[in-house]
Asker: 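Please read through the structure below; I'll follow up with questions.
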Amino acid sequence: MGAVLAAVLGASLVGCSSTGGKRAEDARKASQAQGKAAVNTPRWTVAMITHSGDGDTFWDIVQNGAKQAAVKDNINFLYSHDDEAQQQAQLVDAAIDKKVDGIIVTLAKPDAMKAAVARAKKAGIPVITVNSGSEESKEFGALAHIGQDETIAGEAVGEELTKRGKKKTLCILHEQGNVGHEQRCDGAKSTFKGKMQNLYVTGTNMPDVQSAIEAKLQADKDIDAVVTLGAPFADTAVKAKEGADSKAEIDTFDLNEKVAAGLKSGALGFAVDQQPYLQGYEAVDLLWLYKYNADVLGGGKPVLTGPQIITKDQAAELEDYAKRGTR
């Protein structure tokens, strides 16, 4: 009997080992968008079109928020993206042709998007801007902008660097022409008491990003802080720091699972969270509110979702949320 019990127990342990990863993944998926609509309004269709490049985890978090709100609001949610402004504008045109009921769009390169937003407005399709383009949103005719003010976020970074006693900082811009990125670095420069220098890199090529940062850190040992403008680039900057044998602190805009772990371990100094989940959620929810009740938010001003400075002290609390893809 003892031998039989031991065999059964052993088999059950093997079974747990082989399925544990799947169970964890199933639990993670279950904690994301699910359930039934909480309203009985028509099934409207909302399209979100962003300037995201492939593999940018930030936009996965935005989508998670949008999808959760879409389930609650009985919304058919469509997502598309392109990091080339002209192609992004064409995607907006495609959504207009589909006669969607609402459009959510980013204005990282506003000049290229102005005409597309105007076409949506002419077609009677309400538009919400998110993440980038807070200064142009109202001018272009959008109902509201949801995101963080990039200049204010940059100013918060400059203040935090000064508080930490940093003297020379490198600000890494991974997407040339993105006005929001320029505003972040300019804002940081305006409040930082030390010296700050911009470094432009090609964000779609991580090996090149790493080598560019590493070369800069090797050439200038006085650099004591590096600020990346997106969570996926923080880990690359850490590797560059190690390759250059630099003592510079690595800080970043945006939060994800890896950043939360890096803050917790001390590999990263601080992160600036703009709550992308909230950006996606509120954008979809506001379009539903507008269609249902003609509601708007902000009074012509951006609805701010950030910035929030996250350090090691808050990382453990947010890590579980980051793992499930909502922070």
Side-chain angles (χ1 to χ4, degrees), residues 51 53 56 58 83 108-109 131-135 147-244 246-256 258-259 262-263 267-274 276 306-311:
H51 65 279
D56 190 337
F58 177 91
D83 57 1
K109 297 171 183 174
N131 180 259
S132 53
S134 60
E135 294 182 3
Q148 72 179 4
D149 184 293
E150 303 294 16
T151 299
I152 292 173
E155 290 169 352
V157 168
E159 292 167 358
E160 183 69 19
L161 289 168
T162 299
K163 188 170 74 174
R164 289 167 176 260
K166 302 305 176 184
K167 304 298 182 186
K168 195 169 187 179
T169 299
L170 203 58
C171 194
I172 312 298
L173 295 98
H174 62 266
E175 186 182 338
Q176 293 194 42
N178 186 323
V179 293
H181 288 185
E182 298 285 350
Q183 289 168 348
R184 289 179 182 183
C185 291
D186 289 346
K189 216 176 277 188
S190 71
T191 57
F192 180 43
K193 301 304 182 185
K195 293 181 179 180
M196 180 170 287
Q197 180 181 357
N198 290 354
L199 177 65
Y200 292 89
V201 297
T202 304
T204 53
N205 190 328
M206 279 300 190
D208 281 1
V209 173
Q210 182 175 334
S211 61
I213 298 173
E214 188 173 325
K216 198 70 178 176
L217 292 176
Q218 285 175 335
D220 190 348
K221 295 296 183 182
D222 290 336
I223 296 173
D224 56 8
V226 175
V227 177
T228 63
L229 301 187
F233 301 93
D235 187 52
T236 300
V238 170
K239 292 173 183 175
K241 166 188 171 177
E242 293 168 351
S246 168
K247 297 187 182 303
E249 176 180 283
I250 308 299
D251 306 305
T252 190
F253 280 79
D254 301 334
L255 185 72
N256 65 10
K258 275 192 173 182
V259 169
L263 292 169
L268 301 176
F270 68 89
V272 187
D273 187 19
Q274 60 174 304
Q308 180 185 7
I309 299 292
I310 307 293
T311 65

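Hydrogens, waters and symmetry mates play no part in the numbers below; they use all other heavy atoms, side chains included. Position 1 is the first residue of the sequence, and the numbers go up from there.
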Asker: Write down the atom of L199, the atom of A212, and the distance for their closest heavy-atom approach.
Answerer: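 That closest heavy-atom pairing would be CD2-O, 3.9 Å.
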
Asker: Output, in order, the C-alpha distance, side-chain angles, deciding distance and verdict of side chain to side chain contact (heavy atoms under 4.5 Å, CB included) for E159 and V157.
Answerer: CA-CA 5 Å; E159 292 167 358; V157 168; over 6 Å; no

Asker: What pair of heavy atoms forms the shortest contact from V209 to G203, and how long is it?
Answerer: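 Nearest heavy atoms, V209 then G203: CG2-CA, 4.1 Å.
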
Asker: Please answer whether the main-chain N or O of L217 pairs with a side-chain N or O of S246 as donor and acceptor at a distance below 3.5 Å.
Answerer: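 A pair under 3.5 Å: no.
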
Asker: Measure across A153 and F253 and return the closest heavy-atom pair with its distance rounded to 0.1 Å.
Answerer: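 So the two residues come closest at CB-CE2, 3.9 Å.
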
Asker: For the side-chain hydrogen bond (donor to acceptor under 3.5 Å, both in side chains) test, which of Q274, Q183, R184, H181 pairs with E150?
Answerer: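 With E150 as partner, Q274, Q183, R184, H181 yield a single side-chain hydrogen bond (donor to acceptor under 3.5 Å, both in side chains), made by R184.
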
Asker: Quick one: disulfide bond (SG atoms under 2.5 Å apart) pairs with a partner in residues 190-234, sequence neighbours left out?
Answerer: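 Of all non-adjacent pairs touching residues 190-234, none passes disulfide bond (SG atoms under 2.5 Å apart).
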
Asker: With side chain to side chain contact (heavy atoms under 4.5 Å, CB included) as the criterion, how do K247 and K241 come out once you've worked through the C-alpha distance, each side chain's angles and the decisive distance to 0.1 Å?
Answerer: CA-CA 7 Å; K247 297 187 182 303; K241 166 188 171 177; 5.6 Å; no

Asker: Working to the nearest 0.5 angstrom, can you tell me the gap between E135 CD and D149 CG?
Answerer: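 Reported value, rounded in 0.5 Å steps: 7.0 Å.
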
Asker: To the nearest 0.5 Å, what is the distance between CD1 on I250 and CZ on F233?
Answerer: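 Rounded to the nearest 0.5 Å, the CD1-CZ separation comes out at 14.0 Å.
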
Asker: Do you know which two heavy atoms are closest between N256 and P232, and how far apart they sit?
Answerer: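 Result for this residue pair: ND2-N, 4.4 Å.
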
Asker: Can you tell me how far CD of E175 sits from CG of D56, rounded to the nearest 0.5 angstrom?
Answerer: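 Rounded to the nearest 0.5 Å, the CG-CD separation comes out at 9.0 Å.
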
Asker: Hey, is R164 close enough to E160 for a salt bridge, meaning N to O under 4.0 Å?
Answerer: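 Result for this pair is yes, salt bridge flagged.
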
Asker: Name all residues meeting the salt bridge (Lys or Arg N to Asp or Glu O under 4.0 Å) criterion together with K258; count only those two or more places apart in sequence or in a different chain, and write none if there are none.
Answerer: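 In terms of salt bridge (Lys or Arg N to Asp or Glu O under 4.0 Å), with neighbours along the sequence ignored, K258 is linked to D235.
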
Asker: For K109, I'd like to know if atom NZ has over 12 heavy atoms of other residues, nucleotides or ligands within 6.0 Å.
Answerer: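 Result for NZ/K109: enclosed.
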
Asker: A side-chain contact here means heavy atoms from C-beta on lying under 4.5 Å apart; do V201 and L173 qualify?
Answerer: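 The answer is no, as the side chains (C-beta and beyond) never meet within the 4.5 Å cut-off.
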
Asker: Quick test of your reading of the model: are E242 and K239 salt-bridged, counting only N-O distances below 4.0 Å?
Answerer: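 Answer for the salt bridge query: no.
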
Asker: For residues 176-222, which residue pairs qualify under disulfide bond (SG atoms under 2.5 Å apart), counting only residues two or more places apart or in two chains?
Answerer: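 Matches after skipping sequence neighbours: C171-C185.
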
Asker: Any chance you could measure S132, atom OG, to Q148, atom CD, to the nearest 0.5 Å?
Answerer: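 Going from the OG atom of S132 to the CD atom of Q148 covers 10.5 Å.
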
Asker: Provide the closest heavy-atom pair for G180 versus N178 in the form atom of the first, atom of the second, distance.
Answerer: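 G180 and N178 have their closest heavy atoms at N-OD1, 2.9 Å.
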
Asker: Does any part of the side chain of L268, heavy atoms only, come nearer than 4.5 Å to the side chain of V238, both counted from C-beta?
Answerer: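 Of all side-chain heavy-atom pairs linking L268 with V238, at least one is under 4.5 Å.
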
Asker: Is there a side-chain contact between T311 and I309 in this structure, where contact means two heavy atoms from C-beta onward sitting under 4.5 Å apart?
Answerer: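 When only atoms from C-beta onward are counted, I309 and T311 do touch, with a gap below 4.5 Å.
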
Asker: According to side-chain hydrogen bond (donor to acceptor under 3.5 Å, both in side chains), who are the partners of T202, at least two apart in sequence or on a separate chain?
Answerer: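 Residues passing side-chain hydrogen bond (donor to acceptor under 3.5 Å, both in side chains) with T202: none at all.
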
Asker: D273: which residues meet the salt bridge (Lys or Arg N to Asp or Glu O under 4.0 Å) condition with it, sequence neighbours left out?
Answerer: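 Once residues adjacent in sequence are excluded, the partners of D273 under the salt bridge (Lys or Arg N to Asp or Glu O under 4.0 Å) criterion are R327.
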
Asker: I'd like to know whether F192 forms a side chain to side chain contact (heavy atoms under 4.5 Å, CB included) with E155, so could you lay out the CA-CA distance, the side-chain angles of the two residues, the decisive distance to 0.1 Å, and finally the verdict.
Answerer: CA-CA 8 Å; F192 180 43; E155 290 169 352; over 6 Å; no

Asker: Only distances under 3.5 Å count here; give the side-chain donor-acceptor pairs of residues 221-231 to other protein atoms, sequence neighbours excluded, each with its distance to 0.1 Å.
Answerer:
{"residue": "K221", "atom": "NZ", "partner": "A244", "partner atom": "O", "Å": "2.7"}
{"residue": "D224", "atom": "OD1", "partner": "K167", "partner atom": "N", "Å": "3.3"}
{"residue": "D224", "atom": "OD1", "partner": "K168", "partner atom": "N", "Å": "3.0"}
{"residue": "D224", "atom": "OD2", "partner": "K167", "partner atom": "N", "Å": "2.8"}
{"residue": "T228", "atom": "OG1", "partner": "T252", "partner atom": "OG1", "Å": "2.6"}

Asker: In this structure, which one of L170, T191, L161, D186 forms a side chain to side chain contact (heavy atoms under 4.5 Å, CB included) with M196?
Answerer: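 That would be L161.
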
Asker: Report yes if the side chains of N198 and K189 come closer than 4.5 Å at any heavy-atom pair, otherwise no.
Answerer: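 Yes - at least one pair of side-chain heavy atoms lies under 4.5 Å apart.
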
Asker: Identify the two heavy atoms, one from F270 and one from L263, that lie closest to each other, and give their separation to 0.1 Å.
Answerer: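 Minimum heavy-atom separation between F270 and L263: CA-CD2, 3.6 Å.
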
